[in-house]
Amino acid sequence: METEEAVLALAALAQSTRLEAFRALVRHEPDGLAAGDLARLLEVPQNTLSAHLSILTRARLVTSERHSRSIVYRANLTEFRNVAVFLLRDCCGGRPEVCEPVVETLQACCKPRRKERSRA
């Protein structure tokens, strides 16, 4: 990832409605949310949300797909991972123990859910 791409992504997230929209889309992965549902969830007018989603899309943090009459938006987690890696790549300066708390925190919040065993 180039610096300009990282700046574009971080700038897109540096506004409260866009940040909340992105976080909501992350919570609704992998299905995504229809634009109208996202607008209702965030309590934002649809035309305002459309402008915000456009900025997130240009920053490649959000993708969209038409389903019949609605547009479903999804968080582009691959691009978000690229931004996070860009930010953290040089954080430890060759000393991994410096970044270890950050990595541990990420691992703790993203642990896979354990599957319920069926009781037969």
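Every value quoted in this text rests on a predicted model; they were computed, and no experiment measured them.
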- [ ] May I have all residue pairs that pass side-chain hydrogen bond (donor to acceptor under 3.5 Å, both in side chains) and include part of residues 32-46, sequence neighbours excluded?
- [x] Asp37-Arg40

Open item on the list: Once ring pair (Phe, Tyr, Trp, His ring centres under 6.0 Å) is applied, what residue pairs with a partner in residues 51-72 remain, sequence neighbours excluded?
Closed with: none

Open item on the list: If you count every heavy atom of other residues, nucleotides or ligands that lies below 6.0 Å from Arg27 atom CZ, does the total exceed 12?
Closed with: yes

Task: From CA spacing to verdict: side-chain contact (heavy atoms from CB on, under 4.5 Å), Leu10, Leu87 - done: CA-CA 10 Å; Leu10 293 169; Leu87 291 172; 4.1 Å; yes

Task: Ser50 backbone acceptor or donor facing Ser54 side chain under 3.5 Å - done: no

- [ ] Kindly give the cluster partners of Leu77, where membership spreads through any ILVMFWY side chain lying under 4.5 Å from a current member.
- [x] Leu13, Leu19, Phe22, Leu25, Val26, Leu33, Leu38, Leu41, Leu42, Val44, Leu49, Leu53, Leu56, Leu61, Val62, Ile71, Tyr73, Phe80

Open item on the list: Are Val72 and Asp31 packed together at the side-chain level, in the sense that at least one heavy-atom pair is separated by less than 4.5 angstrom?
Closed with: no

Considering only distance and modelled atom types, tabulate donor-acceptor pairs under 3.5 Å from the side chains of residues 2-9, sequence neighbours left out.
{"from": "Glu5", "atom 1": "OE1", "to": "Glu2", "atom 2": "N", "distance (Å)": "2.8"}
{"from": "Glu5", "atom 1": "OE2", "to": "Arg60", "atom 2": "NH1", "distance (Å)": "3.4"}

Open item on the list: According to salt bridge (charged side-chain N to carboxylate O under 4.0 Å, His left out), who are the partners of Glu100, at least two apart in sequence or on a separate chain?
Closed with: none

Task: Sequence-distant partners of Arg58, salt bridge (charged side-chain N to carboxylate O under 4.0 Å, His left out), two or more places apart - done: none

- [ ] With sequence neighbours left out, write down each residue that passes side-chain contact (heavy atoms from CB on, under 4.5 Å) with Ser68, or none if nothing qualifies.
- [x] none

Open item on the list: So, using salt bridge (charged side-chain N to carboxylate O under 4.0 Å, His left out) as the criterion, who are the partners of Arg23 when residues are at least two apart?
Closed with: Glu20

Open item on the list: List the residues meeting side-chain contact (heavy atoms from CB on, under 4.5 Å) with Pro30, not counting sequence neighbours, and say none if there are none.
Closed with: Arg74

